[in-house]
Structure formats: structure tokens, C-alpha cells
S.K.: 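The structure follows.
Since the model is a prediction, treat every value here as computed from it, not as a measurement.
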Amino acid sequence: MGARMDRHELLARARDYVARESDRGFREEVEALLAAADKSEALAELEERFYRDLEFGTGGLRGVIGGGFNRMNSLVVKSATQGLSTYLIKAFPEKAASGELQAAVAYDSRRFSAEFAEATALVFAANGIKTWLFSGMRPTPQLSFAMRRLGCDTGVVVTASHNPPQYNGYKAYWNDGSQVIGPHDEGIIEEVGKVKTIAEISRQEALDKGLLKIIGADMDEAYIAMVKSCMFRPDLIRAKGAEVKIVYTPLHGTGAMHVEKALGDLGLDVITVPQQREGDGSFPTVAFPNPEEAAALDMAIQLGKKEGADVVMATDPDADRFGIAIPDGKGGYALVTGNQTGALLADYIFLSLKEQGRLPKNAAMINSIVTTGMQKKVAQMHGVDCAECLTGFKWIADVMRKWEIGLAAGDPSARAFVFGTEESYGYNISGEVRDKDGISAAALTAEMTLYWRSLGKSLLQRLDELYMECGYWQELGISKYFEGPSGAATMKKIMDGWRAAPPKTLGGIAVAKTRDLERGADGLPASDALQFFLADGTVVSARPSGTEPKIKFYATCCADARSLGLEAAKAEAAHKLDAIARDVKRAIGN
């Protein structure tokens with residue numbers, strides 16, 4: 001439902017919601033709007049809350065918290081969980097019949113996250129699914145880890161990742177610990193759309209029947225042990241860890257407990273920004289709790305300057321994304337992009353495995369189609385393959401799963417996974433987690449910083465060395481939001497226009513090839529994405545976001561640092577991207 005509706009239909013939907021919503025606060029929000037429905041402002045707000053149902057997309061739910069079918073609230077969360085439960089029971093009928101189905105539920109620091117998580121757990125339990133609920137807020141990667149440890153068939157984490165404080169969300173996972181993909185995503189969406197009644201059970205009854213289990217410290221210890229097992233040089237850390245100063249911020253999210261514990265156990269000192277250490281869903285010190293945003297790291301960088309930190313680290317509220325800043329040699333700190341951090345980690349992982357004689361002959365990394373081409377060059381430099389997948393870490397996990405199955409079956413085309421990354425600050429260094437993991441990335445980045453320091457180099461100096469070897473790579477990102485009832489149609493019109501008349505040039509460079517993934521291409525699944533491969537090797541991509549009402553454009557280009565020199569290569573790449581940005585913005589009316 002997305003078209004505008006008449007006043008009678010709108011008010012009927014609002015009254016239906018009020019009759020079904022058990023949460024008093026959300027119910028009263030809508031009751032107040034109904035009472036004032038003769039006023040244009042209240043009617044407009046009702047339309048925004050009821051012009052459609054909040055879509056259960058391929059990854060779950062995400063929306064503004066509040067009363068209404070187009071909001072994140074207890075009724076919408078329960079309906080989604082009922083649909084997921086119904087699909088799970090149909091997918092595994094024998095396990096359902098014998099009472100063996102299991103789920104795990106985690107949540108972050110956002111407003112109503114704890115309430116939505118318990119509501120989710122109790123709907124699972126009411127459907128006869130044994131559910132493991134974390135005792136307090138935990139990072140998203142720990143949910144994936146716990147699912148695999150406990151042998152769960154599904155899982156949910158209540159989070160809106162890095163979105164502003166008015167948002168919350170609900171990410172659904174399948175039995176390998178990764179977010180759902182086809183065919184399960186479409187099957188779940190269909191069941192959610194058919195929900196009429198929701199199974200209910202009280203917390204006490206669920207506990208008494210053994211259908212609800214609370215987990216905490218034991219799973220924390222297991223997860224921390226996994227993080228520490230991913231390190232390559234624990235002896236170096238024990239010997240020289242005190243030489244590296246680390247400032248860290250969890251941005252009011254879930255990361256502090258595990259980052260401090262994991263790095264502390266390894267022998268590293270972590271100074272956490274005190275104003276941002278505790279979980280707080282209002283995110284009082286940042287406009288956007290996103291390590292991709294320079295402003296989000298301001299407070300940590302100021303503390304880093306005071307403490308003389310060798311690296312400043314940040315995780316987002318659910319601690320799946322991870323960002324860093326490094327001293328620039330001029331008294332400040334340089335922000336390192338997700339593409340650059342991914343290249344540095346790939347280089348460090350590959351050289352460490354080779355040095356220790358542990359790099360498999362069929363080793364490979366995975367990154368997304370919008371991630372920098374530099375990472376493939378880094379992989380090739382170390383004799384490692386690089387596989388591409390669609391945007392979103394669930395697709396990296398999908399390739400991991402296929403390789404795992406292929407290796408077990410003796411498939412010669414299957415590869416041994418060693419690293420997965422995407423441009424949006426996501427990294428995976430362990431097969432025990434099937435999502436991006438900011439905690440493990442923080443620990444390995446600390447070790448990597450110490451390693452290069454022990455050789456007399458900073459991370460920026462190593463990055464410059466990689467540029468000289470692999471070319472200077474620079475990336476560009478442009479996003480345009482389309483809110484409200486007409487937003488989806490506007491985005492579709494833009495994508496349809498690009499499909500109907502692909503550009504012949506971008507930034508003055510000829511488009512040599514267009515790849516439309518609407519029906520899949522080059523072995524990749526179908527996706528609403530377009531890619532333009534320019535004659536000089538630059539790649540420009542366009543795709544609507546899967547979690548926010550916006551279209552995203554990406555460009556990645558390279559200049560030859562060996563022949564031009566590093567500074568001239570940077571200038572050439574910047575010139576190309578500026579011209580491409582002008583063309584893209586002109587085309588979308590930005």
C-alpha cells in the first residue's frame with residue numbers, strides 16, 4: 001500500500017491500529033491524532049503514519065519509532081515475528097512438530113530496543129520456538145555468533161544500525177547466522193503480509209515452559225575468546241602493546257563492553273570517550289551515530305589529540321560498523337575510509353598468513369560491487385583471489401556459505417574464505433560470524449597498528465606504499481533522499497530513466513559498458529542496481545538503499561601513482577570524481 005488514500009480509509013486504518021495495539025504509549029499517539037483529525041496538520045501526520053504498512057524488506061524492518069502501521073512499534077514488531085515464525089514452521093515442519101526449533105534475539109541501545117526484543121522473543125515462544133534472549137544490549141555480530149553456537153534456526157536483532165535516534169529496526173537472520181536472502185526473504189515477506197492474529201504468551205509462562213532462555217556472560221566469554229583467536233601476533237601485543245595508545249568511542253552504543261574486554265585481555269590499553277561510553281538511544285553528543293560521518297568522531301579525535309593516540313576508533317550503535325582516524329603528522333587526524341581500512345586489513349591479513357605459512361592455496365576474499373577496486377589489486381599482490389557480490393553483508397555471507405558447501409563436496413571452484421569487506425565500514429575476519437563485525441575489526445586494527453609501528457611505519461605510510469604498488473584509488477559517494485508517500489515512485493522513475501537512456505559519458509569519460517542487475521548478471525543475483533564501466537577503468541554504480549528512502553551513487557577510480565607520483569595521482573583522481581559528481585547531481589536534480 002503506497003498510494004494516497006481518502007480520508008475515510010485513512011481514519012479507518014488508524015482506528016484499526018488503535019484497536020490492535022497493546023502498547024499504551026503508541027496507542028495514545030494515534031488516538032490524539034484521531035481526536036484532532038479535523039486539523040490539516042493532524043491529518044497530514046496520520047497520512048504519513050498510515051499511507052502504507054512499514055515494509056518488511058529483504059533484511060527486515062526499519063523506520064521511525066511511533067504509533068501507526070508505517071512506524072516501528074510493538075504491533076508492527078509482533079506482526080513481523082508472527083510471519084517469520086509461520087514461515088519457519090513451514091520451512092522445518094519436522095523440527096516444529098518435535099519442538100526443536102530455536103531462535104536467538106539481541107538488541108542495541110536504541111529507544112524501545114529492549115521492549116521490541118522481548119516482544120519478539122515472546123511471539124517466537126508463543127509459536128513453540130525455544131528462544132534465547134540476551135540479558136542486555138549486545139552487538140549485532142554477537143547475535144550471529146550466538147546463533148551458530150546454539151544451533152538456532154532463525155534470529156533477530158533489534159537495531160537501526162547508524163540511523164538517527166528517531167529510528168529503530170529489526171534484522172532477521174537464517175540458520176547459518178547471516179541475514180535472510182532468497183528464497184527465504186520473499187517467503188517471510190509473504191507470511192508477514194498475511195498475518196491476521198498474533199500468538200501471545202507471558203514472559204513468566206514462557207520461562208516456566210522452557211521456551212524462553214536468558215543468555216549473557218557465558219556467550220560473552222565465548223565471543224571474546226573468538227575475537228582473540230583471530231589475532232596473528234599476540235606475543236607482539238604482550239611485549240609491546242603498551243606502546244600503542246588507542247582512543248575509542250562506541251557512540252552511545254553496544255561496543256564498549258566487548259572492545260574494552262577483548263583489547264584489554266590481549267594487553268592493550270583502551271581509553272574510551274567517557275561522554276559516549278554508556279548506551280543511550282538519544283545519542284546526545286552526535287547528530288548521526290555513524291563512524292562514516294566525520295562529525296561523529298570529533299569528540300574521540302579531540303581526546304586522541306590530548307592523549308597522543310596512535311589510532312582513534314569508533315563503532316556504530318550495534319557495533320557492526322567500524323571506523324578509524326590516524327595521526328596525519330601535522331598535529332591532526334586523518335579519517336580513513338571504509339575502502340581504505342578494508343585494503344589495509346586485507347594486506348595485513350594476507351601478509352600475516354603468508355609469513356606464518358597458513359595462507360591456503362585457494363585463499364580468497366570477498367567484497368561488494370561498489371567497494372574500491374584497490375582491494376582486488378591488494379589481493380592479487382599477495383596471490384589471493386577476490387570475489388565480488390551484491391551490496392550488503394548478507395551477500396558476502398552467501399558466498400561464504402557456498403564456498404563452505406563447495407569445499408565439503410570437493411568442488412574445485414570453491415575457495416577458502418579469509419576476509420570479507422564492503423565500503424560502508426564493514427569487515428569480517430572470522431567464519432564464526434556471518435555478518436560485519438566491528439569488535440573483531442577493532443582488535444585486528446589495533447594489532448595491525450602495533451605491527452607497522454614495530455617496523456617504523458604508521459598506517460598512513462603503509463597505505464601510501466600500497467598506493468605506489470596498486471595505484472592511487474579514490475572513491476565518491478552521493479546520496480539523495482526521497483521521503484514520504486511519493487518517494488518510492490520518484491526513485492523508481494530515476495532508475496527507470498537511467499535504464500532507458502544510459503549515459504554515454506560520465507565526467508567526460510566514455511561509458512564502455514553498462515551492467516544492469518535488475519534480472520541478475522555475470523553470476524550475480526537480481527538487484528535494483530546499475531553499473532557503468534568507464535573507458536579508463538572507473539566504475540560508477542547506482543542503487544536505491546535497502547534500508548533508507550534514498551538513492552545512492554558510488555564511483556571508484558584509479559590513477560597511476562608510479563608514473564605520476566602520489567600527489568599528482570591524487571589530483572588526477574579528484575579531478576575525475578569532481579566531474580562525475582557534477583554529471584550525477586545534474587541527472588538527479590541535486
S.K.: Quick one about N339 and T372 (side-chain donor to acceptor, distance below 3.5 Å, no hydrogens or angles considered), yes or no?
M.R.: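 There is no such pair (donor and acceptor under 3.5 Å, judged by atom type) between the side chains of T372 and N339.
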S.K.: State the CZ-CD1 distance between R462 and I326, to the nearest 0.5 angstrom.
M.R.: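 That separation rounds to 13.0 Å.
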S.K.: Look at the side chain of E221 and the backbone N and O of D218, then say whether any donor-acceptor pair between them is shorter than 3.5 Å.
M.R.: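 No.
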S.K.: Test D437 against D320 for side-chain contact (heavy atoms from CB on, under 4.5 Å), laying out the working first.
M.R.: CA-CA 5 Å; D437 186 349; D320 61 350; over 6 Å; no
S.K.: Check K130 with E100, please: is the shortest side-chain N to carboxylate O separation under 4.0 Å?
M.R.: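 K130 and E100: not salt-bridged.
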S.K.: Do side-chain atoms of R148 reach the backbone of V433 as a donor and acceptor pair under 3.5 angstrom?
M.R.: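 Pair absent, no side-chain N/O of R148 close to backbone of V433.
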S.K.: Look at atom NZ of K95 and say whether more than 12 heavy atoms of other residues, nucleotides or ligands are closer to it than 6.0 Å.
M.R.: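 Counting other residues, nucleotides and ligands, NZ of K95 exceeds 12 neighbours.
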S.K.: When you compare the side chain of L236 with that of E447, does any pair of heavy atoms fall below 4.5 Å?
M.R.: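 Result no, sub-4.5 Å side-chain heavy-atom pair not found.
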S.K.: Step by step, would you call H258 with Y223 a side-chain hydrogen bond (donor to acceptor under 3.5 Å, both in side chains)?
M.R.: CA-CA 9 Å; H258 289 343; Y223 176 75; over 6 Å; no
S.K.: Without swapping roles, check the side chain of Q531 against the backbone of V539 for a donor-acceptor pair under 3.5 Å.
M.R.: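 It does not hold such a pair.
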S.K.: Determine, using ring centers only, whether F288 and H162 are less than 6.0 Å apart.
M.R.: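 They do not qualify: ring centres at least 6.0 Å apart.
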S.K.: Please check if the number of heavy atoms outside K228 that lie under 6.0 Å from its NZ is greater than 12.
M.R.: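 Enclosed: over 12 neighbouring heavy atoms sit under 6.0 Å from NZ of K228.
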S.K.: Would you name the heavy atoms of I181 and D398 that are closest together and state the gap between them?
M.R.: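 Looking at all heavy atoms of both residues, the shortest contact is CD1-OD1, 3.3 Å.
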S.K.: So, taking the atom named OG in S144 and the one named CG in D176, what distance separates them when rounded to the nearest 0.5 Å?
M.R.: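 S144 atom OG to D176 atom CG measures 7.5 Å (nearest 0.5 Å).
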S.K.: Please step through side-chain hydrogen bond (donor to acceptor under 3.5 Å, both in side chains) for the pair D108 and S113, ending with a clear verdict.
M.R.: CA-CA 6 Å; D108 70 1; S113 280; 2.8 Å; yes
S.K.: Looking at CG of L75 and CG of N73, how far apart are the two atoms once the value is rounded to the nearest 0.5 Å?
M.R.: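 The CG atom of L75 sits 6.0 Å away from the CG atom of N73.
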S.K.: Would you confirm whether S109, through its side chain, and H252, through its main-chain N or O, come within 3.5 Å as a donor-acceptor pair?
M.R.: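 Side chain of S109 to backbone of H252, a donor-acceptor pair under 3.5 Å: yes, one is there.
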S.K.: Would you mind checking if E191 and K194 are paired as a salt bridge, meaning a charged N to carboxylate O distance below 4.0 Å?
M.R.: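 Yes, this pair counts.
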S.K.: Can you confirm whether more than 12 heavy atoms, excluding those of Q356, are under 6.0 Å from its CD atom?
M.R.: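 Enclosed.
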S.K.: Assess, by modelled atom type and distance only, whether the side chains of T371 and Q375 contain a donor and an acceptor separated by less than 3.5 Å.
M.R.: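 Distance-only check fails for T371 and Q375.
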S.K.: Do I349 and I429 have side chains that get closer than 4.5 Å, going by heavy atoms?
M.R.: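 Contact flag for I349/I429 side chains = yes.
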S.K.: State whether a side-chain donor-acceptor pair under 3.5 Å links E423 with N367.
M.R.: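 No, no side-chain donor-acceptor pair sits under 3.5 Å.
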S.K.: Is any side-chain heavy atom of S541 less than 4.5 Å from a side-chain heavy atom of R515?
M.R.: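 No. Closest side-chain heavy atoms not under 4.5 Å.
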S.K.: Before accepting this row, confirm whether a basic side-chain N of the pair K90/E190 lies closer than 4.0 Å to the acidic partner's carboxylate O.
M.R.: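 No.
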S.K.: Is the closest side-chain heavy-atom distance between T81 and V156 below 4.5 Å?
M.R.: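 No, too far: nothing below the 4.5 Å cut-off.
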S.K.: After noting the C-alpha distance and the side-chain angles of K402 and D411, does the key distance pass the salt bridge (charged side-chain N to carboxylate O under 4.0 Å, His left out) rule?
M.R.: CA-CA 10 Å; K402 289 175 179 175; D411 181 355; over 6 Å; no
S.K.: Taking K436 first and then D316, would you say they form a salt bridge - that is, a charged N and a carboxylate O separated by under 4.0 Å?
M.R.: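 The answer is no: the pair does not qualify as a salt bridge.
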S.K.: Between E432 and R149, does the salt bridge (charged side-chain N to carboxylate O under 4.0 Å, His left out) criterion hold? Intermediate values first, please.
M.R.: CA-CA 8 Å; E432 292 191 67; R149 279 295 175 101; 3.2 Å; yes
S.K.: Taking the six-membered ring for Trp, is the centroid-to-centroid distance between F124 and W132 below 6.0 Å?
M.R.: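 No; W132 has its ring centre 6.0 Å or more from that of F124.
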S.K.: Which class fits the ring pair W174 and F92: parallel under 30°, tilted 30 to 60°, perpendicular over 60°?
M.R.: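 Ring orientation of W174 relative to F92: parallel.
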S.K.: For the residue pair F417 and W403, categorise the inter-ring angle as parallel (less than 30°), tilted (30 to 60°) or perpendicular (more than 60°).
M.R.: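 Tilted.
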S.K.: For T131 and I129, indicate whether the former's side chain and the latter's backbone hold a donor-acceptor pair under 3.5 Å.
M.R.: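 Indeed, once roles are kept as given, a pair shorter than 3.5 Å links the two residues.
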S.K.: Measuring from L122:CG to L212:CG, what's the distance to the nearest 0.5 Å?
M.R.: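 The CG atom of L212 is 6.0 Å from CG of L122, to the nearest 0.5 Å.
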S.K.: Specify the closest pair of heavy atoms between T315 and G255, including all atoms of both residues, with the distance to one decimal.
M.R.: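 So the two residues come closest at OG1-CA, 4.1 Å.
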S.K.: State, with a plain yes or no, whether a side-chain heavy atom of T154 is found less than 4.5 Å away from one of L84.
M.R.: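 T154 vs L84: side chains touch.
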S.K.: From L211 CG over to I201 CD1, what is the distance, rounded to the nearest 0.5 angstrom?
M.R.: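 So the gap between those two atoms works out to 5.5 Å.
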S.K.: Does the side chain of F145 reach to within under 4.5 Å of the side chain of S430, using non-hydrogen atoms?
M.R.: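 Not touching, per the 4.5 Å side-chain cut-off.
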S.K.: Could you give me the CA-CA distance, side-chain angles and deciding distance for M495 and I551, then say whether side-chain contact (heavy atoms from CB on, under 4.5 Å) is met?
M.R.: CA-CA 9 Å; M495 292 298 289; I551 285 185; 4.2 Å; yes
S.K.: Taking all heavy atoms of R110 and all of S161, pick out the closest pair and write down the distance.
M.R.: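 Heavy atoms of R110 and S161 come nearest at NH2-O, 2.9 Å.
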S.K.: More than 12 heavy atoms of other residues, nucleotides or ligands under 6.0 Å from NZ of K550: is that the case?
M.R.: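 More than 12 within 6.0 Å, yes.
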S.K.: In Å and rounded to the nearest 0.5 Å, what is the CG to CD1 distance from D385 to I366?
M.R.: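 One finds 11.0 Å between CG of D385 and CD1 of I366.
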S.K.: Check for me whether the distance between the ring centres of F322 and Y425 falls short of 6.0 Å.
M.R.: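 Aromatic pair excluded; centres sit 6.0 Å or further apart.
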S.K.: State whether Y451 and R233 meet the cation-pi test: NZ (Lys) or CZ (Arg) under 6.0 Å from the six-membered ring centroid, and within 45° of the perpendicular axis.
M.R.: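 Verdict for Y451: a cation-pi partner in R233.
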S.K.: Do the side chains of L61 and V76 get nearer than 4.5 Å, heavy atoms only?
M.R.: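 Yes. Closest side-chain heavy atoms under 4.5 Å.
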S.K.: Might you point out which heavy atoms bring M381 and D347 nearest each other, and give the distance in Å?
M.R.: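 Closest heavy-atom pair between M381 and D347: CE-OD1, 3.7 Å.
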S.K.: Please answer whether the main-chain N or O of S368 pairs with a side-chain N or O of T391 as donor and acceptor at a distance below 3.5 Å.
M.R.: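 Not confirmed, T391 side chain does not pair with S368 backbone.
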S.K.: Can you name the closest pair of heavy atoms from A104 and M147 and give their distance?
M.R.: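 Of all heavy-atom pairs spanning A104 and M147, the closest is CB-CG, 3.9 Å.
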S.K.: How about Y107 and F134: are their ring centres within less than 6.0 Å of each other?
M.R.: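 Here the rings of F134 and Y107 have centres that are no less than 6.0 Å from each other.
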S.K.: Check the surroundings of atom CD in Q380: do more than 12 heavy atoms from other residues, nucleotides or ligands lie under 6.0 Å from it?
M.R.: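 Check passes, neighbour count above 12.
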S.K.: R415 and A364: which non-hydrogen atoms are nearest, and at how many Å?
M.R.: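 So the minimum-distance heavy-atom pair works out to CB-CB, 3.6 Å.
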S.K.: Do T140 and D435 have side chains that get closer than 4.5 Å, going by heavy atoms?
M.R.: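 They are in contact (side-chain heavy atoms under 4.5 Å apart), so the answer is yes.
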S.K.: Determine, step by step, whether R543 and E518 satisfy the salt bridge (charged side-chain N to carboxylate O under 4.0 Å, His left out) criterion, reporting the C-alpha distance in whole Å, the side-chain angles of both residues, the deciding distance to 0.1 Å, and the verdict.
M.R.: CA-CA 10 Å; R543 57 177 283 269; E518 190 171 33; over 6 Å; no
S.K.: Can you find a side-chain donor-acceptor pair between E260 and T272 that sits under 3.5 Å?
M.R.: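 Checked: E260/T272 side chains pair up, N/O donor to acceptor below 3.5 Å.
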S.K.: Side chains of N163 and R62 only: does a donor on one sit below 3.5 Å from an acceptor on the other?
M.R.: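 Present: a donor and an acceptor within the cut-off.
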S.K.: Assign the ring pair Y348 / F232 to parallel, tilted or perpendicular, where the plane angle (0 to 90°) is split at 30° and 60°.
M.R.: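 Rings of Y348 and F232: perpendicular, over 60°.
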S.K.: Can you check side-chain contact (heavy atoms from CB on, under 4.5 Å) on Q166 and I65, steps first, answer last?
M.R.: CA-CA 6 Å; Q166 64 266 33; I65 300 165; over 6 Å; no
